[in-house]
Amino acid sequence: MKPETPRPIRLKDYRPPAYLVDKVDLDVALDPTRTRIRSRLSIRPNPDATGRPAPLRLNGEHLELAEIALNRKPLGKKDYKLTDTELTIAKPPAKPFTLEIVTYVNPEGNTALQGIYRSNGVYCSQCEAEGFRRITYFPDRPDVLATYKVRIEADPEEAPVLLSNGNPVERGTIKGGKRHYAIWHDPHPKPCYLFALVGGDLASIASSFRTMSGRNVDLAIYVEHGKEDRAAWAMDSLKRSMRWDEERFGREYDLDVFNIVAVSDFNMGAMENKGLNIFNDRLILASPETATDTIFEHIESVVAHEYFHNWTGNRITCRDWFQLCLKEGLTVFRDQEFTGDERSKTVQRIIDVRKLKTHQFAEDAGPLSHPVRPESYIEINNFYTATVYEKGAEVVRMIEQLLGAEKFRQGMDLYFERHDGEAATVEQFIQCFEDASGIDLSQFRLWYSQSGTPELVCALKYDKTKKTAELEVEQVLPPTPGQPTKKPFHIPFKIGLLGANGHDIDLRLDSGEEVADGMVSLTKRRQTFRFTDVPSRPVPSLLRDFSAPVNVTIDLDDDDYELLMAADSDLFNRWQAASTYAIRTLVEIVRILGAGKTTSRGQRYAKSLRAAVTTDGLDPAYRAELLKLPTQADVARVIGKNVDPALILRAHKQLQRLVGRTLGDVLEDFYKDLADKSPFSPDADSAGRRALRNAALTLLTARGGKRDLAMLAKHYSIATCMTDRAHALYLLANIGGKEAERALTHFHDQWKHDHVVIDTWFAAQAQSPRASTLKRVETLTSHPLFSLTAPNKVRALIGTFAAANPVQFNRPDGKGYAFVASQVLALDAINPQIAARMLGAFRSWRALESVRRAQARKALQRIAKTKTLSPDVKEIVSKMLEA
Ligand code: BES
Ligand code: ZN
């Protein structure tokens, strides 16, 4: 922990590094509590730096410095200055020199899981964003690119497998076989955050890939012994990703080997270290019995994401951490495109937009709102956010929408050609698209600097005699922290007008211009589009394919929604109409219940849903999306203020029950007809059938009848795959009672030996909206399988309770907040990065009704006044409490 209050880092203060490091030679002797790192750096003054001669400043934290020598001459205490965070040499040579440094670290004692640590006995590293400074003294910033040669030495029994970045060079034994070593060389200059090493007793599966130019690449995935058969899906996903990047973006892999290592304790999902990706094992290991279809899908997309970073992130990296969206937003865009190509484009778009709205829109509406490219930060780990990732991906997608697929690809090609081997900026990225297309993106750049979700307030006026339709659009840009007023955005707005029969009407503007693909550009605060030759009053289908990350409001009636849900040629918007209609209905129910009255509202919605979901020619996966009601969080977000989560849950249950009853026959047919008789296959079609069947089951059991409960209990007990089993377990846990306890005990006994699968058991209990949940979760924190030092356990139990159980986290008595606050504080002493993430669950606290708001404030203030907070937690909690 840093003693003094850290000052914010600002984008406008960026200066090029005073010194460059061309070569890094590392010699690491692994030891559980005293690992030695000998580093030899080839350093030279940066010819592009300003204000020389400058001191050499190296970052370093939690290090024991043992030796330091400049040009082979040992330095004395007076030759450098050492603090808790920096090593400074006041006057280094003005020409190239070498610096040798020996440090010691303690992997076993490293609970923050940054730098070198041990997970289940395996030595591994995590350097992004600023973990390399916990290994050795170094200019730990992404614009210092060096080639690395790494020698790792270890006890061959403890760590027979020794891996680092790049290609293997040599291995051998020393000290009569008591130690062994491996040498790795990475020829591609990289920033230190992409450095990685692994040492452990691991099993592996191997395969190979022939690149488009005919080179052979050896692929391997390292896992715990006995888990080899669960790595096949990840390997398959890797090979498909490699092929896809060649075919879609012309990008070929550039080393002789590509290794993936799965570890149990990992702060994030996975990390793209050059040639040596390290994964949280829950995103590698999958078999039909242990993993749900959702996990299979995540594995596929995360393997792809980390692989795609090889070009977007590694070959072209970020100049500074403010440019994080340059690699993350772009790579999320690429992995979304990959999944869309591998599976269903529409379903993928629905899943991505749902995620964007749940996480990013909520973030952007609260105290943590920030631009896709933030302008200042205290702890960079706090900025791996939904905004940087998800909105960052949407911004890239908008560029594609504005340019068209062909010009977009030319812009990407230019980016790869122009900036390969460099640390780039968002400006340079945008410039490539302007240069490739000739389109002016100056106004578009505002998407990177202005925060908040724009609202497009729309109205449609039809003139019967002139046969014209006028669409008025106003950009309403809500104030966000530090940004009271805003300029209008450049927004690609894809629209359609449906005639009475539901067919698209040709869009012709009164200027005579045809609107190709329904794409119009919004650039002004208010704009009106007047369409001619419109035979009858049309129904507008707005923001087709979710062409921009905005909210749209327009006054439509029940008939309009029904038409859009049944007939919109844009399948995404059919789903969007169903979702908007459901939310509108739920908001109405909440309002009525809140006034102390009862209502049977929802009949019209249920009728429209029946028509939509039984329309011919739809994939099961798509039908499943239609049947998933908006979440309680969706409703809370739309209500926006004075939110009462208990009322929302009541409304939600009521509408679910009504839909279950009204569509009972249809749902029962789905459930019966889609029962899988063939062996499990993780492909998208099979997964879609299971998804539809489980979505039907959710609604059927919401009816609450005895037979429904029996069907659910049976669904659990005869399940042959984890998709069905976990789905039933969650539903049972929601209901509670004997059947639920029986299933939970059974699940526990079956999976208590598997640290990945048992997380489903923790999460199922934590998400239950029942009043007893908090007690249960508290008790589970002392379960022998739970541990605050294991991030996956924390996420499964505390994270699920805080982020996926709106009613019990937001208890009016404040006990949910108090519990999470205590856990955050306990965790902060162990792993600040994870503690700060858990705290994110409070991000919408200001939107709550007054009783809960006061309770939440109390919990946040208790955290804020704690003396020993990490910068991570301190930054988040102070933002949360800022007016
Ligand atoms: N580079 C990140 C991992 C990372 C994040 C390291 C934060 C250090 C701090 C990686 O590429 C990533 O984005 N991983 C995601 C999954 C991805 C599919 C969005 C993750 O870990 O959640
Ligand atoms: Zn990433």
Side-chain angles (χ1 to χ4, degrees), residues 112-115 117 124-134 140 142 190-196 234 237-238 241 245 260-263 265-284 294-318 321 323-340 342 348 351-352 355-356 359-360 372 374 377 379-394 396 791-792 795 799 803 831-837 840 872:
L113 313 189
Q114 299 177 60
Y117 65 95
C124 63
S125 64
Q126 171 57 37
C127 292
E128 191 180 2
E130 299 180 335
F132 196 71
R133 62 185 65 181
R134 292 169 186 240
D140 190 355
K190 64 169 178 285
C192 65
Y193 82 84
L194 290 171
F195 165 80
S237 303
L238 173 61
S241 309
D245 214 12
I260 291 180
V261 178
V263 299
D265 300 312
F266 201 70
N267 281 351
M268 301 296 293
M271 177 63 209
E272 71 266 24
N273 316 301
K274 183 82 190 190
L276 177 55
N277 290 1
I278 299 184
F279 272 63
N280 190 316
D281 58 5
R282 67 176 204 90
L283 289 170
I284 289 295
T294 309
I295 288 289
F296 273 94
E297 198 182 309
H298 283 168
I299 291 173
E300 180 180 88
S301 71
V302 181
V303 166
H305 177 100
E306 306 310 338
Y307 174 72
F308 296 155
H309 268 314
N310 193 53
W311 276 94
T312 50
N314 301 5
R315 299 274 304 225
I316 306 181
T317 193
C318 301
W321 291 119
Q323 322 294 328
L324 185 57
C325 65
L326 182 67
K327 77 176 178 78
E328 295 302 348
L330 176 56
T331 305
V332 170
F333 168 79
R334 274 152 52 71
D335 82 54
Q336 290 175 345
E337 288 296 290
F338 168 72
T339 314
E342 294 287 297
Q348 182 60 22
I351 291 171
D352 293 338
K355 183 170 177 197
L356 178 81
H359 299 288
Q360 201 279 323
V372 168
Y377 62 78
E379 173 51 63
I380 185 57
N381 281 332
N382 286 334
F383 282 85
Y384 288 73
T385 60
T387 297
V388 170
Y389 276 65
E390 263 62 53
K391 191 173 179 179
E394 292 300 320
V396 175
N792 285 355
R795 280 184 281 252
N831 188 332
Q833 196 180 344
I834 300 291
R837 273 196 183 256
D872 309 55

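Read the numbers this way: they start at 1 and go in the same order the structure lists the ligands and their atoms.
- Here Phe279 pairs with nothing under the ring pair (Phe, Tyr, Trp, His ring centres under 6.0 Å) rule; sequence neighbours left out.
- Metal site remark for the Zn ion (ligand 2): Glu328 contributes an N, O or S atom at a distance under 2.8 Å.
- Remark: side-chain polar atoms of Asn381 are not paired, donor with acceptor, to backbone N or O of Gln833 under 3.5 angstrom.
- At least one donor-acceptor pair under 3.5 Å links the side chain of Ser301 to the backbone N or O of His298.
- Near ligand 1, residues Gln126, Glu128, Met268, Gly269, Ala270, Met271, Glu272, Val302, His305, Glu306, His309, Lys327, Glu328, Tyr384, Tyr389 come within 4.0 angstrom through at least one heavy atom.
- Here Thr387 pairs with Gln360, Glu363 under the side chain to side chain donor-acceptor pair (under 3.5 Å) rule; sequence neighbours left out.
- Shown here are the ring pair (Phe, Tyr, Trp, His ring centres under 6.0 Å) partners of Tyr384, two or more places apart in sequence or in another chain: there are none.
- Below 30°, between 30° and 60°, or above 60°: for Phe308 and Phe338 the angle between ring planes is above 60°, a perpendicular geometry.
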